[in-house]
Amino acid sequence: MIAIGGVIGAGLFVGSGATIQAAGPAAFLTYAVTGVLIVMVMRMLGEMAVANPSTGSFADYSRRALGDWAGFSVGWLYWYFWVIVVGFEAVAGGKLIQDWLPRAPLWLVALLLMLAMTAANLFSVRSYGEFEYWFASVKVAAIVAFLIAGTCYVFGLWPNKDMDFSNLTKTGFMPHGPGAIFSAIVIVIFSMVGAEIATIAAAESKDPAKAISQATNSVIYRVAIFFVGSIFLIAVIVPWDSPELGTSPYVTAFKTMGVPAADHIMRFVVLTAVLSCLNSAMYTASRMLFVLAGRGEAPRSWLKVNTRGVPVQAILASSFIGFVCVILAYFFEHTVFLFLLNSSGAVILFVYLMITISQFILRRRTPDEKLIVKMWGYPFLTILTAIGIVAILVAMGFQDGTRTQLWASLLSWGVILVLFAVLRLTKRGQPQPEEPATR
């Protein structure tokens with residue numbers, strides 16, 4: 001269920017409206033192209049993860065392929081991205097709950113949400129998985145219900161409704177031109193982030209190779225059905241230029257179909273998606289700290305685990321930084337917190353780029369008997385994927401809404417590289433730490 005529902009976040013339920021308005025009815029093609037890119041990255045990651053299961057997979061593979069600087073960069077960049085997400089999702093969840101409880105202080109609600117997810121992660125990795133299973137179940141159930149109802153609606157199997165696909169072409173299939181399909185990828189790709197978490201969690205399962213293989217293979221169906229399929233239905237049901245799409249396209253579609261209490265139902269689903277992301281962000285950030293501590297690139301105390309194998313101090317450290325972000329969001333939402341969000345905006349693309357480069361290099365070093373899962377069309381599709389990621393980064397630099405994110409994220413990477421150089425100078429001549437356990 002983590003593999004199936006983990007990639008479905010609030011970005012799909014809420015942010016997809018902006019994509020439809022930007023690309024028109026052809027927005028589902030934007031999701032298809034972006035989905036192919038994510039599938040390629042996941043396949044490459046799956047190849048490396050099955051051959052060498054590791055809790056800190058991305059950082060470990062980058063380290064083996066490119067050296068310590070790459071492992072240090074990927075580990076801290078990925079941690080930084082998700083620890084900012086912890087604070088952001090806690091605030092987003094608090095705002096959703098305020099719709100039902102308007103008198104509840106935002107900071108208090110956000111704190112309670114963080115405490116709940118921290119407790120779930122502290123108890124055991126099984127409790128994290130259990131929470132994520134139910135969160136994913138709600139999200140998947142909502143999407144499946146929409147797919148069934150939407151399909152019946154557009155094919156005329158709905159009460160008092162005839163088959164109608166006119167919204168696809170009424171004002172043009174690509175009203176802003178073919179270029180809008182590709183320019184909108186910059187928005188869409190961030191709504192698909194999180195698919196790779198399944199490979200981290202699988203490393204702590206009973207059969208890592210099998211779990212990772214299943215997770216990476218299932219991403220194809222997830223993207224095709226949940227993203228491309230549902231966006232196509234929305235484009236058929238609701239006119240692409242409807243102002244109501246900006247709030248929540250799924251609520252708008254349900255209302256168009258005449259489903260009662262659609263706004264309350266979808267608010268609950270979005271809250272579930274937010275909590276799912278918060279839960280996963282806490283888990284992922286703590287595991288990255290655990291791996292970095294094992295390499296001597298973070299305080300060694302974060303390497304300690306309790307009797308249930310949980311890195312308690314790494315979780316608490318990530319939770320503390322997340323709560324600091326909540327405080328900053330409350331007092332300095334449009335200054336400090338906005339800068340933190342911008343400075344992590346393109347970080348995940350840097351990580352994906354490092355994954356592609358690492359797979360390109362490690363494939364040549366891996367014995368054939370370990371290549372149970374193989375990247376398709378190697379090396380051509382690997383190179384093409386890397387070019388696609390670079391193209392998205394370049395596009396971010398040319399778009400007003402994302403240019404600041406790109407430069408602030410590059411600044412973050414620069415700071416991390418400086419810290420790596422300082423760490424290397426201070427540790428020169430000292431004995432190297434032992435490798436941490438992969439499970």
Side-chain angles (χ1 to χ4, degrees), residues 4-5 7-32 34-35 92 95-96 99-100 134-176 181 184 187-188 191-192 221-276:
I4 294 172
V7 75
I8 304 172
L12 174 63
F13 292 115
V14 180
S16 54
T19 306
I20 296 172
Q21 290 176 331
F28 68 92
L29 295 179
T30 301
Y31 279 86
T34 310
K95 289 181 178 179
L96 285 169
D99 290 337
W100 290 308
W134 290 109
F135 288 150
S137 298
V138 171
K139 293 185 289 184
V140 170
I143 292 291
V144 169
F146 174 76
L147 289 171
I148 294 173
T151 300
C152 292
Y153 185 83
V154 301
F155 281 98
L157 302 176
W158 198 259
N160 304 316
K161 179 68 173 66
D162 297 324
M163 185 169 64
D164 184 9
F165 288 82
S166 61
N167 281 332
L168 289 178
T169 56
K170 188 181 298 181
T171 55
F173 184 61
M174 300 179 187
H176 301 302
I181 295 175
I187 305 171
V188 171
S191 70
M192 294 189 182
Y221 312 109
R222 286 186 276 159
V223 170
I225 297 172
F226 296 151
F227 283 86
V228 180
S230 63
I231 296 301
F232 173 78
L233 288 175
I234 290 173
V236 175
I237 296 169
V238 184
W240 70 270
D241 53 355
S242 171
E244 294 183 359
L245 278 176
T247 53
S248 177
Y250 289 85
V251 171
T252 305
F254 273 129
K255 284 184 175 179
T256 302
M257 291 188 291
V259 176
D263 52 345
H264 293 291
I265 294 171
M266 289 309 300
R267 188 178 291 119
F268 172 74
V269 173
V270 173
L271 177 60
T272 302
V274 166
L275 293 178
S276 171

Give me the atom names and distance for the closest heavy-atom approach of [X] to [Y].
X	Y	value
Q21	H176	O-NE2, 3.5 Å
V154	V236	CG1-CG1, 3.4 Å
T30	A23	OG1-CB, 4.0 Å
Y31	M192	O-CE, 3.5 Å
I237	A253	CG2-O, 4.1 Å
G35	V223	CA-CG1, 3.4 Å

Output yes when a side-chain donor or acceptor of T252 lies under 3.5 Å from a complementary backbone atom of E244, and no otherwise.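 Yes, T252 side chain to E244 backbone: donor-acceptor pair under 3.5 Å.
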Donor-acceptor pair, S276 side chain versus T272 backbone, under 3.5 Å?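 Judged by distance alone, no pair lies under 3.5 Å.
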Pair S16, Y250: side-chain N/O donor-acceptor within cut-off below 3.5 Å: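 Not at all, the side chains of S16 and Y250 share no donor-acceptor pair under 3.5 Å.
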In terms of the angle between their ring planes, are F165 and F232 parallel, tilted or perpendicular, with boundaries placed at 30° and 60°?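 If you compare the ring of F165 with that of F232, the planes turn out tilted.
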Passes side chain to side chain contact (heavy atoms under 4.5 Å, CB included), V269 versus M266? Steps please. CA-CA 5 Å; V269 173; M266 289 309 300; 4.3 Å; yes
I'd like to know whether Y153 forms a side chain to side chain contact (heavy atoms under 4.5 Å, CB included) with T256, so could you lay out the CA-CA distance, the side-chain angles of the two residues, the decisive distance to 0.1 Å, and finally the verdict. CA-CA 10 Å; Y153 185 83; T256 302; 3.8 Å; yes
Close side-chain approach of [X] and [Y], heavy atoms under 4.5 Å:
X	Y	result
F13	V251	no
I231	T19	no
P175	P25	yes
V238	N167	no

Determine whether I143 and I225 satisfy the following criterion, side chain to side chain contact (heavy atoms under 4.5 Å, CB included), listing intermediate values before the conclusion. CA-CA 9 Å; I143 292 291; I225 297 172; 5.8 Å; no
Quick check for you: to the nearest 0.5 Å, what is the distance between K139 atom NZ and L12 atom CG?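 The CG atom of L12 is 10.0 Å from NZ of K139, to the nearest 0.5 Å.
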With side chain to side chain contact (heavy atoms under 4.5 Å, CB included) as the test, would you mind laying out the steps for F146 and M257 before giving the verdict? CA-CA 10 Å; F146 174 76; M257 291 188 291; 4.3 Å; yes
